[in-house]
Visitor: 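Here you go, one structure.
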Amino acid sequence: MTKYCVYDVFTEHPFGGNQLAIFPDARALPDNLLQAITAEFNFSETTFVYPPDDPAHTARVRIFTPTHEVPFAGHPTIGTAVALFDLGRGKDQVLELGVGPIPCTVTPNGAQFTTSAALERLAQPDPGLVARALGLSIDAINMAVHAPVQASLGLPFVLVELTDRATLARCVSDMAACRDGAQRYPAGMDFSIFAYVRDGAQVDARMFAPLDNIPEDPATGSASATLAALLHEDLRQPQSLRITQGEDMGRTSRITAETFGDPVQVRISGQAVMVMEGELRI
């Protein structure tokens, strides 16, 4: 039997934010079952924690979505850091992820991590296709700051700004358009779309990855980090974004994304709360 816990991430309240299953000591689990275990939970991600390769670090962490392993994701990083803090692993941590070591700091009021990965602009998807994938018309897209762009800080997303909050609320994934997008613009995630509206520092967002068995994600820290880095470049100034996600799902999430330094680094902050713990019997 292997112990696990479930945290709600990017919220201070149970049953909000994004669910995350965490195995704090996954050494007894066979590698060939990790994907099946993740699918059994059916959360957007599950993490499996191992001793670090570098003894100066806190832990090595593998992250799985319902369909595949990913090198980096935001809410698994925050949630795993808080879980390890709750288990007595200290407030200053370094987690070894697929993108390399990620420094984290945890306090009783939440956690933060910093990524130094360079922003990659992978493609400029056709705006009409992006609109169809969201169930919208092309005039719903606001291209004043940037056209739809597929970008990554370790995990790729199509970032698209919409005209207003009501339009964001109307989004409904179109599977045929998403499949078309995945074929035309292949990346590590299958045409995952982070749609948002922005009013200064306030951002309201939704993320859809239906081809990866994530119809909608309540909180997406990696996409939030990518957006902050993108706006830093396009607006040519540091960003301090307050991102609200998950409202349309009834799982409100709060994410803070800040950029600083040269070269640019991104700091993601948020809270997490444990809601369940148990044992896997295999």
Side-chain angles (χ1 to χ4, degrees), residues 18-19 35 38-39 41-46 63-76 119-143 146-198 203-227 230 243-251 253 255:
N18 202 349
Q19 298 153 297
Q35 190 65 70
T38 301
F41 280 100
N42 201 32
F43 300 153
S44 57
E45 278 107 359
T46 295
I63 305 170
F64 283 77
T65 76
T67 58
H68 62 283
E69 186 172 5
V70 296
F72 169 66
H75 99 274
L119 177 70
E120 296 181 86
R121 297 180 188 241
L122 304 173
Q124 288 191 304
D126 172 53
L129 173 60
V130 175
R132 291 198 306 276
L134 293 171
L136 302 172
S137 59
I138 193 169
D139 60 3
I141 296 179
N142 180 357
M143 292 190 273
H146 66 87
V149 57
Q150 188 179 59
S152 175
L153 284 181
L155 202 60
F157 297 92
V158 176
L159 305 179
V160 55
E161 184 173 3
L162 302 181
T163 54
D164 53 63
R165 183 64 180 86
T167 299
L168 182 67
R170 292 202 312 270
C171 291
V172 178
S173 293
D174 183 308
M175 291 292 286
C178 289
R179 290 191 185 97
D180 187 10
Q183 291 177 351
R184 292 168 60 181
Y185 309 101
M189 295 285 279
D190 294 319
F191 209 63
S192 301
I193 301 178
F194 189 75
Y196 73 96
V197 296
R198 183 172 65 92
V203 173
D204 290 273
R206 300 177 71 183
M207 199 288 280
F208 304 93
L211 300 183
D212 290 299
N213 286 352
I214 305 172
E216 183 171 355
D217 201 30
T220 317
S222 50
S224 298
T226 305
L227 176 64
L230 182 83
I243 300 169
T244 301
Q245 193 178 336
E247 280 190 325
D248 298 271
M249 305 174 63
R251 297 192 67 92
S253 305
I255 304 168

Visitor: Supply the atom-to-atom distance L211 CG to Q183 CD, rounded to the nearest 0.5 angstrom.
Guide: 9.5 Å
Visitor: Given side chains that start at C-beta, do those of F191 and L129 come closer than 4.5 Å, heavy atoms only?
Guide: yes
Visitor: For I193 and A133, work out which heavy atoms get closest and say how close.
Guide: CD1-CB, 3.5 Å
Visitor: State whether the side chain of Q35 and the backbone N or O of T65 hold a donor-acceptor pair below 3.5 Å, judged by distance alone.
Guide: yes
Visitor: Under 4.0 Å between a side-chain nitrogen and a carboxylate oxygen: does that hold for D248 and R165?
Guide: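 Yes, charged N to carboxylate O under 4.0 Å.
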Visitor: So does I214 get a backbone contact from the side chain of D212, meaning a donor-acceptor N/O pair under 3.5 Å?
Guide: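 Between the backbone of I214 and the side chain of D212 there is no qualifying donor-acceptor contact (under 3.5 Å).
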Visitor: What's the shortest heavy-atom distance between H75 and A219, and which atoms?
Guide: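 Closest pair (atom of H75, atom of A219, distance): ND1-O, 4.1 Å.
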Visitor: Indicate the atoms forming the closest heavy-atom contact of A123 with Y185, along with that distance.
Guide: CB-CD2, 3.9 Å
Visitor: Considering non-hydrogen atoms only, spot the tightest contact between I255 and G221 and give its length.
Guide: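 That closest heavy-atom pairing would be CD1-N, 4.3 Å.
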Visitor: Report yes if the side chains of L134 and F208 come closer than 4.5 Å at any heavy-atom pair, otherwise no.
Guide: yes
Visitor: Enter the distance from D217:CG to S222:OG here, rounded to the nearest 0.5 Å.
Guide: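 Answer rounded to 0.5 Å: 8.0 Å.
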Visitor: Using a 4.5 Å cut-off on heavy atoms from C-beta on, say whether the side chain of V158 contacts that of V149.
Guide: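 They are not in side-chain contact.
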Visitor: Do C171 and L136 come close enough that some side-chain heavy atom pair is under 4.5 Å?
Guide: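 Yes, at least one pair of side-chain atoms sits under 4.5 Å.
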Visitor: Just do the side chain to side chain contact (heavy atoms under 4.5 Å, CB included) check on R251 and N18 with the steps written out, would you?
Guide: CA-CA 7 Å; R251 297 192 67 92; N18 202 349; over 6 Å; no
Visitor: Roughly how far, to the nearest 0.5 Å, is CE of M207 from OG of S224?
Guide: 10.0 Å
Visitor: To the closest 0.5 Å, what do you measure between CG (L230) and CZ (F194)?
Guide: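 L230 CG to F194 CZ: 11.0 Å, rounded to 0.5 Å.
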Visitor: Are side-chain heavy atoms of M249 and R206 found at a separation under 4.5 Å?
Guide: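 Side chain of M249 against side chain of R206, heavy atoms only: no contact under 4.5 Å found.
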Visitor: Does the side chain of T226 reach to within under 4.5 Å of the side chain of L119, using non-hydrogen atoms?
Guide: yes
Visitor: How long is the span from the CD atom in E69 to the OG1 atom in T46, to the nearest 0.5 Å?
Guide: 12.0 Å
Visitor: Mark yes or no for whether S173, through its side chain, and M175, through its backbone, hold a donor-acceptor pair below 3.5 Å.
Guide: no
Visitor: A side-chain contact here means heavy atoms from C-beta on lying under 4.5 Å apart; do R198 and L227 qualify?
Guide: no
Visitor: Between A73 and L155, what is the shortest heavy-atom contact and its length?
Guide: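 Shortest heavy-atom contact: CB-CD2, 4.5 Å.
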Visitor: G128 and I138: which non-hydrogen atoms are nearest, and at how many Å?
Guide: N-CD1, 3.7 Å
Visitor: Using atom types as modelled and distance alone, determine if a side-chain donor or acceptor of Y196 lies under 3.5 Å from a backbone N or O of Q245.
Guide: no
Visitor: Side chains of P148 and M143, heavy atoms from C-beta outward: is any pair under 4.5 Å?
Guide: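 Touching, per the 4.5 Å side-chain cut-off.
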Visitor: Look only at the side chain of S253 and the backbone of P218, and say whether a donor-acceptor pair between them is shorter than 3.5 Å.
Guide: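 Pair found, side chain donor or acceptor close to backbone of P218.
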Visitor: So how far is it from D174 CG to R132 CZ, rounded to the nearest 0.5 Å?
Guide: 8.0 Å
